[in-house]
Student: 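Supplied in C-alpha cells, the structure appears directly below.
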Amino acid sequence: MESCTDWAVQAVQQNGTASEFVAKILTSGMKRKLLTLVMINDGSRVLLGYKKRGFGAGYYNGFGGKVEPGETVREAAQRELVEEACISAQDLQEAGVLVFAFDDQPQPWEVHVFAASSYVGEPAETDEMRPVWFAHEEVPFDSMWADDPIWYPYLLRQEHFRGVFAFQQTTKLVWNTMV
Ligand SMILES: Nc1nc2c([nH]c(=O)n2[C@H]2C[C@H](O)[C@@H](COP(=O)(O)OP(=O)(O)OP(=O)(O)O)O2)c(=O)[nH]1
C-alpha cells in the first residue's frame with residue numbers, strides 16, 4: 001500500500017494539537033485520491049468558477065478534478081481546465097499542494113494546485129462551472145471552501161505552499177497547518 005504524502009504525515013505527527021482522526025487517516029498507509037486545481041491569475045484578478053453541481057456545489061473555486069488513470073497530474077490539470085472553463089493555460093506553474101483528511105471520506109485527498117497567467121480561448125460557462133473574474137481584494141471567501149483564506153495569500157504572493165487540513169462532515173474545517 002502507498003502511504004500518504006510524507007511531509008503531511010510528519011506535519012501532523014509533529015503537531016500535538018492535531019485531531020486524532022487526522023493522524024489516524026494520514027498514517028494509516030491508505031492510498032490517497034489525487035486531484036488538480038488550476039488558478040488563473042492575471043496579477044490583479046483571479047478567475048473563479050461558480051460550481052453548479054457535484055462536490056463543492058454552490059462554492060466558487062479554481063478549475064480541476066480527479067486525476068484519471070494513465071494521466072500525469074499536469075495533464076489532468078490542463079484537461080479539467082478545458083472541460084470546465086473552455087480555456088487552455090499557456091504557462092501552467094506548480095503553485096502548491098493541499099492534503100485534506102475528511103472524517104466522512106474513505107481516503108485522504110491530495111490536491112495539486114497550479115497557477116497560470118495566460119491562456120488560449122475565452123472563459124465560458126460549462127455544465128459544471130460559471131466563470132467569474134474577482135479582484136484579489138474581492139475574492140468571495142464566504143462562498144468558498146473554509147481552507148481557502150489560509151492558502152490564497154501564498155498563491156497571490158506567488159509563494160509555493162503546502163498545507164494539511166482536517167474536515168469534519170465534509171465542510172467543517174477543524175484543524176490545519178501550513179508547512
Ligand atoms: N479551493 C479548494 N478546492 C478544493 C478543496 N477541496 C477540493 O477537493 N477542492 C477541489 C479539487 C478539485 O479541483 C475539486 C473537486 O473535484 P471534483 O469532485 O469536481 O472532480 P471531478 O471534476 O473529477 O468530478 P466529477 O465531474 O467526476 O464529479 O475541488 C478545497 O478545500 N478548497
Side-chain angles (χ1 to χ4, degrees), residues 4-5 8 11 19 22 25-26 31-41 45-87 89 92-116 123-134 136 138-156 160-179:
C4 195
T5 312
S19 308
V22 191
I25 291 169
L26 292 185
K31 202 168 150 68
R32 66 228 185 265
K33 180 165 150 181
L34 277 182
L35 298 107
T36 63
L37 187 63
V38 177
M39 310 301 307
I40 304 287
N41 179 3
R45 300 175 306 163
V46 283
L47 180 68
L48 299 178
Y50 178 79
K51 186 101 190 267
K52 291 156 67 175
R53 62 164 201 219
F55 192 78
Y59 284 166
Y60 284 98
N61 206 350
F63 305 93
K66 298 173 204 73
V67 178
E68 302 289 348
E71 234 181 8
T72 65
V73 172
R74 179 176 285 273
E75 285 165 353
Q78 283 284 20
R79 174 184 53 73
E80 289 279 352
L81 183 63
V82 174
E83 282 175 14
E84 294 187 351
C86 303
I87 55 175
L92 206 60
Q93 309 272 351
E94 288 174 22
V97 183
L98 307 169
V99 169
F100 297 103
F102 295 96
D103 66 345
D104 55 358
Q105 293 282 330
Q107 294 177 318
W109 294 26
E110 183 178 309
V111 179
H112 289 254
V113 186
F114 292 85
E125 183 165 351
T126 61
D127 287 352
E128 209 163 323
M129 293 285 221
R130 185 170 68 243
V132 185
W133 285 102
F134 289 97
H136 285 182
E138 286 170 13
V139 171
F141 289 119
D142 288 348
S143 305
M144 292 165 68
W145 284 99
D147 53 287
D148 292 12
I150 299 167
W151 56 266
Y152 263 60
Y154 294 81
L155 175 88
L156 299 181
H160 194 271
F161 53 89
R162 296 191 304 191
V164 186
F165 303 88
F167 280 89
Q168 283 179 340
Q169 292 142 33
T170 311
T171 55
K172 188 175 170 214
L173 179 63
V174 292
W175 183 83
N176 78 277
T177 185
M178 298 297 288
V179 288

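We count ligands from 1, going down the list as the structure has it; atoms in each ligand are counted the same way. On a predicted model such as this, the values are computed, not experimentally measured, just so you know. All residue numbers in this chain count up from 1 along the given sequence.
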Student: Looking at ligand 1, is there an atom of it that comes within less than 4.0 Å of some heavy atom belonging to Glu80?
Tutor: yes

Student: Can you tell me if Trp151 has a non-hydrogen atom under 4.0 Å from ligand 1?
Tutor: yes

Student: Counting distance only, does the side-chain N/O of Lys33 pair as donor-acceptor with the main-chain N or O of Pro106 below 3.5 Å?
Tutor: no

Student: For atom 4 (C) of ligand 1, which protein heavy atom lies nearest, and how many Å away is it?
Tutor: Asn61 ND2, 3.5 Å

Student: Would you check, one step at a time, whether the test side-chain hydrogen bond (donor to acceptor under 3.5 Å, both in side chains) holds for Thr5 with Glu110?
Tutor: CA-CA 8 Å; Thr5 312; Glu110 183 178 309; 2.3 Å; yes

Student: What protein heavy atom sits nearest atom 15 (C) of ligand 1, and how far off is it?
Tutor: Leu35 CD2, 3.9 Å

Student: Determine whether the aromatic ring centres of residues Phe167 and Trp109 are separated by less than 6.0 angstrom.
Tutor: no

Student: For ligand 1, is there an atom lying under 4.0 Å from some heavy atom of Lys51?
Tutor: yes

Student: For atom 18 (O) of ligand 1, which candidate among Trp109, Tyr60, Phe55, Trp145 provides the closest heavy atom?
Tutor: Phe55

Student: Using the rule given for side chain to side chain contact (heavy atoms under 4.5 Å, CB included), can you reason through Thr36 versus Leu81, listing the C-alpha separation, both sets of side-chain angles and the distance that settles it, and then say yes or no?
Tutor: CA-CA 10 Å; Thr36 63; Leu81 183 63; over 6 Å; no

Student: List the closest protein heavy-atom neighbour of atom 31 (O) of ligand 1: residue, atom name, distance to the nearest 0.1 Å.
Tutor: Asp147 OD1, 2.5 Å

Student: In terms of residue, atom name and distance, what is the protein heavy atom nearest to atom 22 (O) of ligand 1?
Tutor: Glu128 OE2, 3.4 Å

Student: List ligand 1 atoms under 4.0 Å from Thr36, heavy atoms only on the residue side.
Tutor: 11 (C), 12 (C), 13 (O)

Student: With atom 25 (P) of ligand 1 as the reference point, say which of Met39, Glu83, Lys66 has the nearest heavy atom.
Tutor: Lys66

Student: Of the backbone atoms (N, CA, C, O) and the side-chain heavy atoms from C-beta on, which set of Phe165 has a member under 4.0 Å from an atom of ligand 1: side chain, backbone, both, or neither?
Tutor: neither

